[in-house]
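For the numbers below, each heavy atom of this structure counts, side chains included, while hydrogens, waters and symmetry mates do not. Here is how names work: the chains are called A, B, and so on, in the same order as the sequence lines, proteins then strands, and each is numbered from 1.
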Amino acid sequence: MDGASSLKRHDSRMIIHFDYDCFYASVFEAENPALKNQPLAVQQKQIIVTCNYEARRRGLYKLQLITEAKKVCPDVVTVLGEDLTRFRNASKELYSFLRKSIWSGQAERLGFDEVFLDCTDMVNYNIDILNHNDLPHSFFCLDQSDPTVGFQYDASEPFGPTYPPEAGAVSDQDLQLYRRLVLGSHLARYLRHELEKEKGYTATVGISTNKILSKLVGNLHKPKSQTTLVPPYDASASSESHVTTFMDSHDIGSIPGIGFKISQKIRARILGRQPAFDEGLVYGGTKEKVTVRDVRTFVGMGPEMLEEILGGPGSQRGIGGKIWGLIQGVDDVEVSQAKKVPSQISIEDSYTRLDTLDEVRKKLNLLSNSLIRRMHLDLTEDDDDAENAEHGILKRRWLARPRTLRLTTRPRPAVNPDGTRSRSFNRISRSLPMPTFAFSLTENVHALADRLVQDSLIPCFRKLHPERSGWNLSLVNVAVTNMAETAADSKDSDGRDISRMFRRQDDVLKEWRVVDEDVAPHLTDDVNDLLEGSVDVDVYSEATPPTSWESDDEVQDNMDVCGRCGLSVPSFALLAHERFHQMPD
DNA sequence: ACTCCAAAA
DNA sequence: TATGTTTTGGAGT
């Protein structure tokens, strides 16, 4: 199979990409509207991570050094943005607003300020109810169970700018896709306006049929605007594909999924030499610029050649074919379903000098405190179960518990023989099973953090840096990963809440408990707790290997995994668990 | 499971 | 990777 024939377009989806305008700056402006009229820059350490459009008008830009920014624009208002809490909170709020505005649940966050929405179902539904005799007075229905909920729109043309700007006649071949994109563009307009009206944030939006195209096309008109990539998406005898012309115009390194390493390898092949330093387009101009078109039309280019350029140990399998698709706007990756818990939480800070164990301990303490707070924020929810909400006290319950704790550092590289300091960004890490005491919801956070540092992180640090001195760290990161969802939150494929049903079948299980006391008496109380939704003992977590620094845990063994639902259950309860599966609703 | 790397914001 | 912080996903072991 050759390259061209292995590429097939799938343009039946409707993907809308949201990018909130200068997000960090907008969060501060939302808190303090007086800032809107002034050039505003958000600072982390020595750089500006974002600035508002007033600041951009005066020559400031992202990732600019503070010193330079002050020179260019002395009256810039600078705010510190190293604590990400407010950004994370705003991001979550906007995200859930968008997610609940669509039907599919396919809403994927990328960083704090971008969201992909799969609106295929909404658009298809509204295509079907179109009155083709009066397209300019159409009604976009937003609720299948209530035909009065929605907005009026003109379905005869797209809303807002398109790529290319001047649309030619639409061929019969392209008519279906065109109409769906028209509807997508009006839905995008509606969602943007709702976001601004309800939440006060503006966004820039792209509308197309997959993630890469909607994301890239959105960049054409910013801020507070949107762009729709209109057909033809396929080349034909009469016209070239708009997708190809659009993708061709990009620098190879500006394609999402093609980062620094991959773009440098590709540039080297196209130029026939090592490309000069980094991006080439900021300073260099035309000399180092390698466009998608340069790559696509290079003699012999195809998935095989890309595989040869990019393949090898450490690289993704099938990388050639993947990149070959990307540069032509082919991307069949689904917009992922909303996730209830993150797969990792990490906290880090960078330092100019960190070379004593005492200082390290202090920093680890700060990091651990925020880490535990983050775990509570993101991994627990209110336990509104009637059986637990005694005396009006709202308890929290773990949605998921991380099984792994990881410590990462970035050692400052030693000075070279010639005295130069070679900059390194290499990190090293060690991980270890998460100690279970960290899941206590009753103990005070400071105490937990102290214990985490003392019992886990310091021993781990010694493994990472066995030398008692000589090191100097430029960064420390503490992370929890490997989330195990707790039973309380797990839903089976039918959406039934397993733990709730467990509780309902309490009486069925009672007889088993009596029998079981002979087998595993020390487990009984924990199982009772489990059945009542208690939060403090983790009967469901997988067995962790015993380690020297972690002693006090006896509830880990004798577990089995149910072949039906994958849940871990105590071995003695497996039969009862299987019986539960057979019970009628 | 553990460690590192690449990429993204 | 000019610069910062956090998250995801993949590969090799």
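- Classification of A:E68 and A:K71 as a salt-bridged pair fails, no side-chain N sitting under 4.0 Å from a carboxylate O.
- Ion pairing between A:D378 and A:K92 holds under the 4.0 Å rule for side-chain N and carboxylate O.
- A salt bridge links A:E108 and A:K211; the closest N-O separation between the charged side-chain nitrogens and carboxylate oxygens is under 4.0 Å.
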Could you walk me through whether A:Y95 and A:F112 pass the ring-ring contact (aromatic ring centres under 6.0 Å, His included) test, one step at a time?
-> CA-CA 9 Å; A:Y95 170 74; A:F112 284 167; over 10 Å; no

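- Between A:E348 and A:R427, at least one side-chain N (NZ, or NE/NH1/NH2) sits under 4.0 Å from a carboxylate O, which counts as a salt bridge.
- Protein atom CG of A:D349 is 9 Å distant from nucleotide atom C1' of C:dT5, rounded to whole Å.
- Rounded to whole angstrom, the span from the CG atom of A:D378 across to the C1' atom of C:dT7 amounts to 12 Å.
- Using a 4.0 Å cut-off between a side-chain N of Lys or Arg and a carboxylate O of Asp or Glu, A:K340 and A:E381 do not qualify as a salt bridge.
- In this structure, A:N89 places its CG atom 14 Å from P of C:dT6, rounding to the nearest Å.
- A sub-4.0 Å separation between OP1 or OP2 of C:dT3 and a side-chain N or O of A:K45 is absent.
- Between the side chains of A:S91 and A:R109, at least one donor N or O lies within less than 3.5 Å of an accepting N or O.
- To the nearest angstrom, C1' of C:dT7 lies 6 Å from CD of A:Q344.
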If the sugar-phosphate is the primed atoms plus P, OP1 and OP2 and the base is the rest, what is the B/S/- string for nucleotides 3-9 of chain B, using protein heavy atoms under 4.0 Å?
-> SS-SSSS

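- Counting non-hydrogen atoms under 4.0 angstrom, A:R109 reaches nothing in the nucleic acid.
- C:dG9 atom P lies 14 Å from atom CD of A:E334, rounded to whole Å.
- The side chain of A:P342 lies closest to C:dT8 when the candidates are C:dT8, B:dC2, C:dT3.
- Residue A:L371 contributes atom CG, which lies 14 Å from atom C1' of C:dT5 at whole-angstrom precision.
- Ionic pairing of A:D294 and A:R267 is not present here: no N-O contact between side-chain nitrogen and carboxylate oxygen is shorter than 4.0 angstrom.
- Residue A:L84 is classed as a sugar-phosphate contact, given heavy-atom separations below 4.0 Å to backbone atoms only.
- Residue A:N482 is in sugar-phosphate contact alone, with no base atom involved, counting any heavy-atom pair closer than 4.0 Å across all strands shown.
- Taking every heavy atom of residues 305-317 of chain A and every atom of DNA chain C, pairs under 4.0 Å involve A:P313, A:G314, A:S315, A:Q316, A:R317, by number.
- Of the charged side-chain nitrogens involved, at least one lies within less than 4.0 Å of a carboxylate oxygen, so that A:E54 and A:R58 count as a salt-bridged pair.
- For A:I47 and C:dT5, the CD1 to C1' distance is 10 Å, given to the nearest whole Å.
- In this structure, A:L60 places its CG atom 15 Å from C1' of C:dT3, rounding to the nearest Å.
- Mapping A:G318 and A:N477 onto DNA chain C via the closest heavy atom, the residue that lands nearer the 5' end is A:N477.
- In summary, A:K224 and A:D21 do not engage in a salt bridge, as defined by a charged side-chain N under 4.0 Å from a carboxylate O.
- Nearest nucleotide to the side chain of A:E348, out of C:dT3, C:dG9, C:dT6: C:dT6.
- Look at A:S346 and you'll find a side-chain N or O under 4.0 angstrom from OP1 or OP2 of C:dT7.
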